[in-house]
Amino acid sequence: MRMTRLALKTQREAPADAEAVSHQLLIRAGYIRRLASGVYSFLPLGIRVLAKLNQIVREELDAAGAQELLLPALHPVELWEQTGRLRTMSDVLMTVEVKGGSFVLGPTHEEAVIATVSPDLESYRDLPVTVYQIQTKFRDEARPRFGLMRTREFIMADAYSFDMSAEAMKISYGRMYQAYLNIFDRCDLPYIPVEADSGAIGGDVNHEFMVSSPIGEDHFAQCPKCGYAANIEAAKRGEGVRNRSDVPAEKMEVHATPGASSIKDVVNAFRSAGFEIDSSALLKSLAFKDENDDVTLILVPGDRDVRVPSGLIPLSDDDFESNSFLFKGFIGPMGMTDQGVKVLADFSVAERASWFSGANLEGHHVSNAVLDRDFAVDQVGSFAVVAEGDPCPNCGEMLSLVRSVEVGHTFQLGHSYSNKIPYATFKAEDGTDQKYWMGCYGIGMSRLPAAIAEHFHDSDGLRWPRSVAPYQVELVTITPGRAPEAVAFADDIYRQLWEMGVEVLYDDRDLAPGVKFADADLIGIPTIAIIGQRGIANGVIEVKDRFSGDRVEVRVPEIVEYLRNCG
RNA sequence: CGGGAAGUAGCGCAGCUUGGUAGCGCGCAGCGUUCGGGACGCUGAGGCCGCGGGUUCAAGUCCCGCCUUCCCGACCA
C-alpha cells in the first residue's frame, strides 16, 4: 500500500482523553478512532491487525476441530427471559425496540448458540461438537476505559462445546485450552493461564488468560516457586505460622464504642481510648447465609476483604432481625458456635495472638480476644482475598500479586445453561433425554491489539510482533522531490515485493525525512527499509529492525530477497 | 451509582478573574525555499465558544438547569 493513497493520517498529539499509552499510540498512529465513549472505529491499519489475529484464531480453532459459524447480534428478548439473564445481566444488556418486539444486543451468545445448533444435535451420535464465531458484542459497561481495553461494543471470538458427558466435556475443554495456548503463543504475548472464579456465567472449572500490564483491571496471585497462579477472586493461600507466643495475660475486656460499626470508626474509638492500633488488629466478622438460611460467620483481619465462598450471600436487614443475637457492626465470634453459627476463620486470623472484635452487644467491642481461649472456630482456611506475601497454597512460598489484562477466558459450564433451556437435550444411548454438557471459550479480539501495543511499545511508538503486524515491511523514500532515481528504485522494489505477496507499506510521500522516520517508528512495522540517494550511490539500502533498533546495510542486488525473507 | 476534572477550529491549548471585533501551536489549501530524524517564509480556508434558559445596551466570559467526556472508586461472561 502506498501511503499517498492510504486513508490515514498520523497525529503528533493524542486526544486529551486518551490516558493509556496503547490508546494514545493507536490513535496517533491511525489504527483506531473514537466514535463515542467506548465505541471505536478500526481504520485501515487497525483492521489489518485485527485480521491477522482473526486468522490465527481461525487456524488454531479449526485445527482443534471447532467449526466457525456466525450467530446473530440481535437476540429475541424471550431467549434471555428463558435463562433468567434478562434480569441477572440487566446492568449490561442493551436492548432495541423494533416493529413487533424487542431484541437484546448480544453481550455473549450462550442462549443464541443453543437455540441455533440444538436442532442438529439430537443424538449422542451427533456429539461432540464445538462451534465458534468472531462476533461483535454489546455491553453497556459502567465505565468504558483505556481505549480498546474496555468498550461498549467489542469483538470477541467465542466458542461453545457440546458433549454427552462430563468426561467428554473435559476432553473438549482440554482441546480448546490447548488451542488457546497456541493462539496466545502465536500473538507473541507473554500470557499466563490462571485459575479463575466462574462469576456470573456459572459453571465449574475455568481459566483466565492474563497478560501482565500496568493498565490491567484484574489482579492475579502468582507463586514464583511452583507456578501456582490464580485470579485474585479465586486465589487461595496456604497456612501461615500460628502465633501463640504473645498471647496476652490480660483477660478479654468489653469497651463501649457507641456508634462505631465500621472498621474505621472502631479503630478510631479504640485509639481515642488510648490503644495504639490499626485496622489489622481488628477482627472483621461478616455474617452470611446459605440456601437453608443457616448462618455462617467469616473472620478476617480488619484490613482484608472476605473472599465469599460460593453459595453464601450476605445477610439482609431482615435476616439480622430474625437472628437477634447478631448486632450488625458489633459482631464477634465469641459464643457463636453455641448459637449454631458456623464460624470460618482465615489463616491470617491464626497468625495473630489477640484481637479487637465486636462484643455481640450493641455499641460495644472487646480487646484481647484470643482464639481458642475466648472464641472457637469450626474451620481455619483460606477465606480472605489473598494479599501480597501470603504463603502459596501449594508450596508455601510468598505469593505476589500481578496487575493484568484478561485476554481470554475458558469455562466448563456443565449444565448451567442447558438446564435452563428445555430443548437443550439429546437422546442418549439408553434412550433417555439428556442435557448437553457445555463449555464456552472467549477471546477479546478487539482488546488484543491494545494489550499487544501496551506491552511492546517504546518511546517512539508502536512495535508489532511479526505475527500481528499490519504490514511486514515499510519502505521509506527520502527526498523524493530531488532524487527521481531513488524514487524509481523504490517504486521497483515495491512492485517486486508486492508481486511476491509481501505485505509492504510504502511511504512514498513527499515529506521531510524526519517526519517519515518518526511516522515509521510510530506506526511500528517490524522492518523499515530506508531508500535514499546516498545509500543507492554506495550500492546499499539501510534496513532498520523496529524491535531491536538494529540497522544493517543490505547490498542493492540483495534487497528484495532480504526484505522478502523478513516477511 | 459515589468522588474529582474538563467541554473554545480536525488535534493540543489560551482567552473567563475584571462582560465590549474569538486567538495561538500542530494539522489543512496555495506559492516558494529546504531535504538522512517531526525544516522555514508568505498567503489562505476553517468556529452553534457542548445544549437550553436567565441577567445585561452587550455574554466564550456572570447566574440556573441539562448533556457529554475523562480520571479514581463501586460494578464487570
Side-chain angles (χ1 to χ4, degrees), chain A residues 9-20 23-24 27-28 30 33-39 80 83 85 88-93 106-113 135 137-147 149-152 154 156-160 196-203 206 208 215-218 231-233 305 406 408-411 413 416-417 438-444 447 460-461 476-483 486 509-522 528-538 540-542 544 549 551 553:
Chain A
K9 196 159 289 175
T10 58
Q11 290 167 247
R12 195 177 294 214
E13 290 175 285
D17 57 15
E19 187 76 7
H23 186 195
Q24 293 174 357
I27 286 180
R28 282 186 53 212
R33 184 157 296 148
R34 196 188 77 100
L35 191 60
S37 175
V39 181
W80 284 79
T83 54
R85 291 210 292 180
T88 58
M89 286 185 70
S90 61
D91 281 358
V92 297
L93 288 184
T108 174
H109 281 68
E110 285 79 13
E111 286 84 353
V113 76
Q135 239 287 30
K137 312 278 186 184
F138 299 88
R139 289 186 198 173
D140 191 9
E141 292 288 351
R143 176 138 95 94
R145 60 181 129 181
F146 297 141
M149 278 296 179
R150 180 163 296 273
T151 54
R152 297 193 290 191
F154 60 99
M156 177 180 283
D158 49 326
Y160 305 88
D197 190 59
S198 46
I201 199 167
N206 71 95
E208 284 173 341
I215 63 161
E217 299 179 85
D218 288 289
N231 187 297
I232 189 82
E233 314 279 333
D305 291 322
E406 176 190 351
H409 203 157
T410 55
F411 298 83
L413 294 176
S416 53
Y417 285 89
M438 292 182 61
C440 79
Y441 317 86
I443 300 177
R447 174 180 281 184
D460 293 324
V476 178
T477 56
I478 290 181
T479 66
R482 281 192 324 160
R509 299 173 300 173
D510 187 4
L511 292 174
V515 176
K516 300 176 75 166
F517 292 143
D519 271 353
D521 288 341
L522 178 60
I528 301 164
I530 299 151
I531 300 169
Q533 219 173 7
R534 198 176 74 192
I536 291 174
N538 296 328
V540 293
I541 306 287
E542 182 181 323
K544 174 181 171 180
R551 296 156 186 274
E553 293 196 331

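In what follows, chains are A, B, ... by sequence order, proteins preceding strands, each numbered from 1. This structure is a prediction, so every number in the text was calculated from the model and none was measured.
Comparing the same atom, P, in U21(B) and in A58(B) gives a spacing of 15 Å after rounding to whole Å. C11(B) and C63(B): their P atoms are spaced 27 Å apart (whole Å). Comparing the P positions of A74(B) and G2(B) gives an interatomic distance of 16 Å, to the nearest angstrom. With C1' as the reference atom, U17(B) and A59(B) are 15 Å apart, rounded to whole Å. Comparing G46(B) with G23(B), their P atoms sit 13 Å apart, to the nearest whole Å. Rounded to a whole angstrom, the distance from the P atom of U43(B) to that of C24(B) is 12 Å. One P atom belongs to G7(B), the other to G15(B), and the distance between them is 10 Å to the nearest Å. C62(B) and C42(B) have their C1' atoms separated by 42 Å, with the value rounded to a whole Å.
Residue-level contact check: Ala142(A) touches the bases, meaning some heavy atom is under 4.0 Å from a base atom. Residue contacts for Ala36(A): at a heavy-atom cut-off of 4.0 Å it reaches no nucleic acid atom on any strand shown.
When both distances must be under 3.5 Å, the Watson-Crick or G-U wobble mate of U17(B) does not exist. With both pairing distances under 3.5 Å, G7(B) is matched to C67(B) as a Watson-Crick or G-U wobble pair. In this entry C76(B) has no Watson-Crick or G-U wobble partner, no candidate having both defining distances under 3.5 Å. The pairing partner recorded for C62(B) is G54(B), the criterion being a Watson-Crick or G-U wobble arrangement whose two distances lie under 3.5 angstrom. Across every strand in view, C28(B) sits in a pair with G44(B) that passes the Watson-Crick or G-U test at under 3.5 angstrom. G36(B) makes up no base pair with any nucleotide shown, lacking Watson-Crick or G-U wobble contacts both under 3.5 Å.
The separation between Asp17(A) atom CG and U69(B) atom C1' is 6 Å, rounded to whole Å. Between Glu19(A) atom CD and A5(B) atom P there is a gap of 16 Å when expressed in whole angstrom units. At whole-Å resolution of the value, CD1 in Ile215(A) and P in C70(B) are 14 Å apart. Across the protein-nucleic acid pair, Met149(A) atom CE and C70(B) atom C1' stand 17 Å apart, rounded to whole Å. Remark: C1' of C75(B) and CG of Asp140(A) are 12 Å apart, rounded to the nearest angstrom. Rounded to an integer number of Å, the gap from CD1 of Ile27(A) to C1' of G10(B) is 13 Å. Atom pair Glu233(A):CD and C76(B):P shows a separation of 8 Å (rounding to whole Å applied). Across the protein-nucleic acid pair, Phe154(A) atom CZ and C76(B) atom P stand 15 Å apart, rounded to whole Å.
Looking at residues two or more places apart in sequence or on another chain, you find no side-chain contact (heavy atoms from CB on, under 4.5 Å) involving Ser90(A). Applying the side-chain contact (heavy atoms from CB on, under 4.5 Å) criterion to Asp510(A), with sequence neighbours excluded, gives Pro480(A). Thr151(A) pairs by the side-chain hydrogen bond (donor to acceptor under 3.5 Å, both in side chains) definition with nothing, not counting sequence neighbours. Here Glu141(A) pairs with Arg150(A) under the side-chain hydrogen bond (donor to acceptor under 3.5 Å, both in side chains) rule; sequence neighbours left out. In this structure, the side-chain hydrogen bond (donor to acceptor under 3.5 Å, both in side chains) partners of Glu111(A), at least two apart in sequence or on a different chain, are Thr83(A), Arg85(A).
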- Note on the structure: With sugar-phosphate taken as primed atoms, P, OP1 and OP2 and all else as base, the protein-contact string of nucleotides 31-41 of chain B at under 4.0 Å (heavy atoms; B, S, -) is ----BBBBS--

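Side-chain atoms of Lys516(A) come within 3.5 Å of backbone N or O of Thr477(A) as a donor-acceptor pair. Between the Lys544(A) side chain and the Ile530(A) main chain, no donor and acceptor come within less than 3.5 Å of each other. The backbone N or O of Ile27(A) sits nowhere less than 3.5 Å from a side-chain atom of Arg34(A) that would complete a donor-acceptor pair. Without hydrogens or angle criteria, Arg28(A) side chain to Gln11(A) main chain gives a donor-acceptor distance under 3.5 Å.
The side chain of Arg143(A) contributes no N or O atom lying less than 4.0 Å from OP1 or OP2 of C70(B). Applying the 4.0 Å criterion to OP1 and OP2 of U68(B), one finds that Ser37(A) has every side-chain N and O outside that range.
Each of Gly38(A) and Ala16(A) lies near RNA chain B, and the nucleotide nearest Ala16(A) is the one positioned closer to the 5' end.
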